There are 2 protein chains.
Amino acid sequence: MIPGRNAILRLSRYRNVLTRFKALGFVKVFSDYLADAVGVTSSQVRKDFSLFGISGKKRGGYQIDELLEKLSGILGKNEAQNVVLVGAGNLGSALLKYRGFGKEDIHIVAAFDADPSKQGRLLDIAVHPFTQVAAFVQEHGIKVAILAVPAEVAQGVAEQLVAAGIKGILNFAPVTLRIPQGVVVNSIDVAIELENVLYYVHALQGKEA
Amino acid sequence: MIPGRNAILRLSRYRNVLTRFKALGFVKVFSDYLADAVGVTSSQVRKDFSLFGISGKKRGGYQIDELLEKLSGILGKNEAQNVVLVGAGNLGSALLKYRGFGKEDIHIVAAFDADPSKQGRLLDIAVHPFTQVAAFVQEHGIKVAILAVPAEVAQGVAEQLVAAGIKGILNFAPVTLRIPQGVVVNSIDVAIELENVLYYVHALQGKEA
DNA sequence: TAGATTGTTAATCGATTAACAATC
DNA sequence: TAGATTGTTAATCGATTAACAATC
């Protein structure tokens with residue numbers, strides 16, 4: 001009964017949507033309404049909730065406040081979560097400037113880059129020499145890193161991070177990282193996602209036009 | 001027998017890995033070896049290939065050149081593919097500078113932003129006022145857009161793009177776009193992916209430590 | 001009460017994996 | 001030939017959906 005990755009991703013989406021509902025002044029939701037906002041079925045919503053022991057009222061739906069609290073408990077958003085960024089190139093520095101993380105109580109506390117010209121300070125966050133990453137990670141007990149380095153060095157850098165104690169990596173390099181069991185890797189490959197959109201556009205085009 | 005999204009994503013990964021193999025001087029691969037490099041099973045590789053009518057030699061594996069050609073044919077990489085970028089903020093401008101697309105023969109031919117301070121020229125690419133996007137898309141027959149605007153305006157902008165003739169969107173805004181059938185949307189939500197890594201790191205931590 | 005919505009079970013669906021006959 | 005690898009079928013697995021009894 002271990003919930004799959006997609007189930008967890010949906011919980012995050014529910015949470016996002018619910019904060020927006022709350023801001024709009026809503027107090028309760030029905031599975032049906034929430035499902036609509038996230039683009040899934042109401043069965044799916046109820047199933048997901050029941051999987052995590054979240055329950056509502058048979059006739060009255062779910063209290064948004066209560067729901068948010070439970071979801072945040074599950075997703076671990078009640079304590080601040082610190083991560084480091086490795087690679088402060090184009091993508092890396094864009095991620096440093098991205099304000100969407102703070103909303104989730106996730107903070108990039110430091111960045112690292114091998115290139116001296118990238119080092120210094122970007123916004124509020126220091127960009128250190130890459131050689132210091134292991135020491136920093138150990139000293140601050142950081143468990144998660146965002147990896148935004150060139151593809152050719154990604155595997156090597158990832159191995160160093162794991163050796164330093166990193167347990168989770170959000171990887172933007174377009175390679176499959178070979179990483180020991182027990183370390184979590186999520187990869188985002190922008191080029192492949194775009195390629196995928198193009199594929200389906202062409203495929204549908206051919207079919208319907 | 002319509003192959004799913006994940007199957008197509010895997011084709012792209014095979015293709016990426018194969019170009020690297022080729023650069024290394026390899027001429028043929030076995031399903032086993034390719035599987036390893038991409039992190040799937042060899043059954044999966046053979047299944048994917050057979051699904052798209054790609055075949056090898058019973059004892060001699062697959063010719064890399066032939067394979068690459070077939071994959072490129074399927075993924076539509078034999079003609080240049082032009083896309084526009086909407087939203088030239090942090091993430092948007094990082095994407096403009098990203099060189100990973102060119103490798104796949106995908107080109108961002110123009111960018112658009114409502115903020116005059118973002119307009120002008122970034123690298124080789126012009127950043128136009130957002131109001132011009134519809135005309136541009138129509139004139140150049142652009143079918144795919146990368147959407148990197150703030151969450152609050154994403155839905156509205158997406159609707160305008162669809163009205164202008166866009167058939168595919170790679171969406172970076174952290175919202176579920178409600179879009180008419182026949183338009184392809186892939187969403188990349190960086191915060192949710194990071195949240196997901198944190199979730200599993202905490203979950204495994206609790207279990208094993 | 002009648003009506004609506006949850007929570008859960010069972011059915012369906014699709015995707016992945018295993019296995020093995022064909023064959024190079 | 002013997003051995004190895006493909007291509008495909010069947011088995012498995014997991015995730016999604018449908019349906020409906022419980023109940024507010």
Side-chain angles (χ1 to χ4, degrees), chain A residues 1-14 17-18 21 26-68 70-71 74 176 186 192 196 199-200 203, chain B residues 1-14 17-18 21 26-68 70-71 74 176 186 192 196 199-200 203:
Chain A
M1 205 257 9
I2 301 150
R5 181 182 125 87
N6 286 337
I8 309 292
L9 289 173
R10 282 195 300 273
L11 292 194
S12 291
R13 296 210 186 86
Y14 298 146
V17 166
L18 287 167
F21 285 174
F26 289 91
V27 169
K28 64 174 190 179
V29 271
F30 298 128
S31 58
D32 203 40
Y33 194 63
L34 183 54
D36 233 53
V38 174
V40 299
T41 65
S42 64
S43 279
Q44 177 92 265
V45 171
R46 296 199 299 278
K47 183 79 190 208
D48 285 339
F49 285 180
S50 107
L51 219 51
F52 288 93
I54 295 175
S55 61
K57 295 245 179 312
K58 288 266 161 163
R59 181 75 193 295
Y62 304 82
Q63 295 294 316
I64 292 182
D65 272 335
E66 212 179 302
L67 214 42
L68 277 172
K70 293 224 175 118
L71 289 173
I74 293 161
T176 304
N186 274 192
I192 280 187
N196 192 249
Y199 172 83
Y200 280 106
Chain B
M1 203 261 1
I2 301 149
R5 180 182 126 86
N6 287 338
I8 310 293
L9 290 174
R10 280 195 301 272
L11 292 193
S12 290
R13 297 211 185 86
Y14 298 147
V17 167
L18 287 167
F21 284 175
F26 289 91
V27 169
K28 64 173 191 179
V29 270
F30 299 127
S31 59
D32 203 39
Y33 194 60
L34 183 54
D36 233 52
V38 174
V40 300
T41 64
S42 64
S43 279
Q44 179 98 81
V45 171
R46 296 198 300 277
K47 182 80 188 208
D48 285 339
F49 285 179
S50 108
L51 217 53
F52 288 94
I54 295 175
S55 61
K57 296 244 176 317
K58 287 267 162 165
R59 181 73 194 295
Y62 304 83
Q63 294 294 315
I64 291 180
D65 271 334
E66 213 179 297
L67 213 41
L68 276 172
K70 293 224 175 118
L71 289 173
I74 294 163
T176 304
N186 274 192
I192 280 186
N196 192 250
Y199 172 84
Y200 280 106

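Everything numeric in this text was worked out from a predicted model, so none of it was measured. Chain letters run A, B, ... following the sequence lines, proteins first and then strands; every chain starts at 1.
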From [atom1] of [X] over to [atom2] of [N], roughly how many Å is that when rounded to an integer?
X	N	atom1	atom2	result
Phe49(A)	dT9(C)	CZ	C1'	19 Å
Asp48(B)	dT6(D)	CG	C1'	15 Å
Lys57(B)	dG7(D)	NZ	C1'	14 Å
Gln63(A)	dC24(D)	CD	P	15 Å
Asp32(A)	dT6(C)	CG	P	8 Å
Leu67(A)	dT6(C)	CG	P	11 Å
Phe30(A)	dG7(C)	CZ	P	12 Å
Glu66(B)	dT6(D)	CD	C1'	14 Å

The test is side-chain contact (heavy atoms from CB on, under 4.5 Å); show your working for Leu34(B) and Val45(B) and say whether it passes. CA-CA 8 Å; Leu34(B) 183 54; Val45(B) 171; 4.0 Å; yes

task = Give Arg5(B) one of three labels, base, sugar-phosphate or nothing, depending on what nucleic acid heavy atoms sit under 4.0 Å from its own.
result = nothing

For [X], all residues meeting side chain to side chain donor-acceptor pair (under 3.5 Å), sequence neighbours excluded:
X	result
Ser50(A)	none
Asp65(B)	Lys22(B)
Asp48(A)	Arg10(A), Tyr14(A)

When Ser42(A) and Gly4(B) are each assigned the nearest nucleotide of DNA chain C, the 5'-most assignment goes to Ser42(A)

Per atom distances to the Tyr62(B) side chain, the nearest of dT16(D), dT6(D), dT6(C) is dT6(D)

The reported gap from CG in Asp36(B) to CZ in Phe30(B) (rounded to nearest 0.5 angstrom) is 13.5 Å

Review item, nucleotides 17-21 of chain D N/O atoms under 3.5 Å of protein N/O:
{"unit_1": "dT17(D)", "atom_1": "OP2", "unit_2": "Thr41(A)", "atom_2": "OG1", "d": "3.3"}
{"unit_1": "dA18(D)", "atom_1": "N7", "unit_2": "Ser43(A)", "atom_2": "OG", "d": "2.9"}
{"unit_1": "dA19(D)", "atom_1": "N6", "unit_2": "Arg46(A)", "atom_2": "NH2", "d": "3.4"}

From CA spacing to verdict: side-chain contact (heavy atoms from CB on, under 4.5 Å), Ile74(A), Tyr199(B) | CA-CA 8 Å; Ile74(A) 293 161; Tyr199(B) 172 84; 4.0 Å; yes

Establish, with yes or no, whether the OP1 or OP2 oxygen of dA22(D) is under 4.0 angstrom from a side-chain nitrogen or oxygen of Arg59(A). no

Parsed dot-bracket for DNA chain D after applying the Watson-Crick and G-U rules with both distances under 3.5 Å and | for other-strand partners is ..||||||||||||||||||||||

task = List the steps and the verdict of side-chain contact (heavy atoms from CB on, under 4.5 Å) for Val40(B) and Arg13(B).
result = CA-CA 11 Å; Val40(B) 300; Arg13(B) 297 211 185 86; over 6 Å; no

Evaluate the side-chain proximity of Phe49(B) to Leu67(B): yes if any heavy-atom separation is below 4.5 Å, no if none is. yes

Could you give the side-chain donor-acceptor pairs of residues 51-63 of chain B under 3.5 Å, partners two or more places apart or in another chain?
none

